[in-house]
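Below: the structure, in structure tokens.
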Protein chains: 2
Amino acid sequence: MNIDRRSGCPINLSLEVFGDRWSLIILRDIIFGGRRHFRELLNGSMEGIASNILADRLKRLMELSMLTKADDPSHKQKAIYSLTEMAITLVPILAHLGAWGRVWLPVSEELSIRAELLEKGGPPMWDKFMNELRHEHLGASPAPSGPTVRATLQAAYDAVIARNAERVGCDPAP
Amino acid sequence: MNIDRRSGCPINLSLEVFGDRWSLIILRDIIFGGRRHFRELLNGSMEGIASNILADRLKRLMELSMLTKADDPSHKQKAIYSLTEMAITLVPILAHLGAWGRVWLPVSEELSIRAELLEKGGPPMWDKFMNELRHEHLGASPAPSGPTVRATLQAAYDAVIARNAERVGCDPAP
DNA sequence: TGCAACCGATTGCAAATTGCAATCAGATTC
DNA sequence: GAATCTGATTGCAATTTGCAATCGGTTGCA
């Protein structure tokens, strides 16, 4: 599955990179979910990706220089997938996409709280997040200070989940 | 071809709307190319879409409320496709997508000049363009004043074409 | 009036893609 | 040394895609 190069139009070429049903979902899980291993991506995927498709897309995204793969020193079979700068700069696009979907599509509350926060945070928050990703995936020098953007988003997600569980009486212990 | 609703995640749902190889290309041609008829979209498409796929996607985009169809009073068989507000608000996403593609992908000069201008114009230009689209497609009241954004982009494109034609000695008349 | 060109599609068909289930061999854990 | 976990691969049926040909109706022109 290569780039067809149907035309040199930037929008067309962008679509040829991630204009399918899975590539951007995988990148989303790596970026926002912090997943780095095959199994994490396979089992953690909300949408239930099949293992052969995951393998194919990871390979394709590596060929396109969106991802790199490295050995995990702690486990000789494990591979660690890392974002490239090319993929990290998708953050503003993902933020816009999330914001658009939140307005026009039947999103669920839990899963859109992250998009809402990211939208409210605006470009400064996106920049901070991209720098954190650079540190995490590219080994860029400045370690993030204070709570990370991902942790902030995750905490908001967890809070919504907890609140909704309480509301329907799913509190574990009386 | 309906929305699967694999999950309520905004990014996933957005992808289910236009995460294929053609939907966004069609919207691009309507938005930036000003095309409104089936044949215009079919023949004007840089990427060479097939008529059955175009028909299918137009139908799908109408079901998703991204487009509406109306009779052309001047031709009983002609249909005019119009953008909905939902589709018009994709402009910032298309602008980002174009900007990203221009940085990371092997775009051609002619086809990326529009993306470059749109990027430089920033949100104010996008807003102006969206208002023009609202006038054109939704009959919104304020007619655009001065040169339209689309005309500006088109002129820049034509200028690049002309300059390159001259450079390789393709000037029509001596 | 005749006719070619054009209108938005539709159909048939081969090829590619998708998604599911089962399976793999090596590494690690218990 | 058995069970589990690792990143995949394979076989297969169903769906989707893209191409070419074609459709019935409309229009413009001679």
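All chains are named by letter (A, B, ...) in the order of the sequence lines, taking the proteins before the strands, and each is independently numbered beginning at 1.
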Next item on the list: Starting from P on C:dG26, measure out to CZ on A:Phe38 and report it in whole angstrom.
Entry: 18 Å
Note to self: Distance check needed: D:dA20 C1' versus B:Ile53 CD1, whole Å only.
What the structure shows: 12 Å
Check: Please give, in whole Å, the distance from C:dG8 C1' to B:Ile49 CD1?
Finding: 14 Å
Checklist line | Contact under 4.0 Å: A:His37 side-chain N or O vs D:dG7 OP1/OP2 | finding: yes
Margin query: If you compare every side-chain N and O of B:Arg57 against the phosphate oxygens of C:dG8 (OP1, OP2), does one of them come in below 4.0 Å?
Written below: no
Next item on the list: Rounded to the nearest angstrom, tell me the gap between atom CG in A:Asn43 and atom P in D:dT4.
Entry: 16 Å
Next item on the list: Anything under 30° is parallel, anything over 60° is perpendicular, the rest tilted; go ahead and classify A:His96 against B:Trp126.
Entry: perpendicular
Notebook entry, point to check: Looking at A:Arg21, does any N or O in its side chain come under 4.0 Å of the phosphate oxygens OP1/OP2 on C:dT17?
Noted result: no
Item checked: Nearest-nucleotide 5' precedence on DNA chain C, A:Ala50 against B:His75 -> B:His75
Notebook entry, point to check: If you measure only the distance, is there a donor-acceptor pair under 3.5 Å linking the side chains of B:Trp100 and A:Thr89?
Noted result: yes
Item checked: Donor + acceptor pair across side chains of B:Ser82, B:Arg36 (<3.5 Å) -> yes
Note to self: Testing the basics here: between B:Ala79 and B:His37, what is the closest heavy-atom pair and its distance to 0.1 Å?
What the structure shows: O-ND1, 3.0 Å
Next item on the list: Using atom CD of A:Gln77 as one end and atom C1' of C:dG26 as the other, report the distance to the nearest whole Å.
Entry: 5 Å
Next item on the list: Among the candidates D:dT27, C:dT10, C:dA25, find the nucleotide nearest to the side-chain atoms of B:Ala55.
Entry: C:dT10
Check: Rounded to whole angstrom units, what separation is found between the CG atom of A:Asn52 and the P atom of C:dA16?
Finding: 18 Å
Next item on the list: Quickly work out the B:Leu54 CG to D:dG18 P distance and round it to whole Å.
Entry: 12 Å
Next item on the list: When you get a sec, tell me which of D:dT26, C:dT10, D:dT6 is the closest nucleotide to the side chain of B:Ser51?
Entry: C:dT10
Item checked: Nearest-nucleotide comparison on DNA chain D, the residue closer to the 5′ end among B:Arg39 and A:Ala79 -> A:Ala79
Note to self: What is the distance, to the nearest angstrom, from the NZ atom on A:Lys76 to the P atom on C:dT29?
What the structure shows: 12 Å
Notebook entry, point to check: Per the salt bridge (Lys or Arg N to Asp or Glu O under 4.0 Å) rule, which among A:Arg102, A:Arg163, A:Arg114 passes with A:Glu109?
Noted result: A:Arg163
Check: Heavy atoms under 4.0 Å, any strand shown: does B:Lys59 hit a base, just sugar-phosphate, or nothing?
Finding: nothing
Checklist line | Distance below 4.0 Å between A:Trp22 side-chain N/O and C:dT18 OP1 or OP2 | finding: no
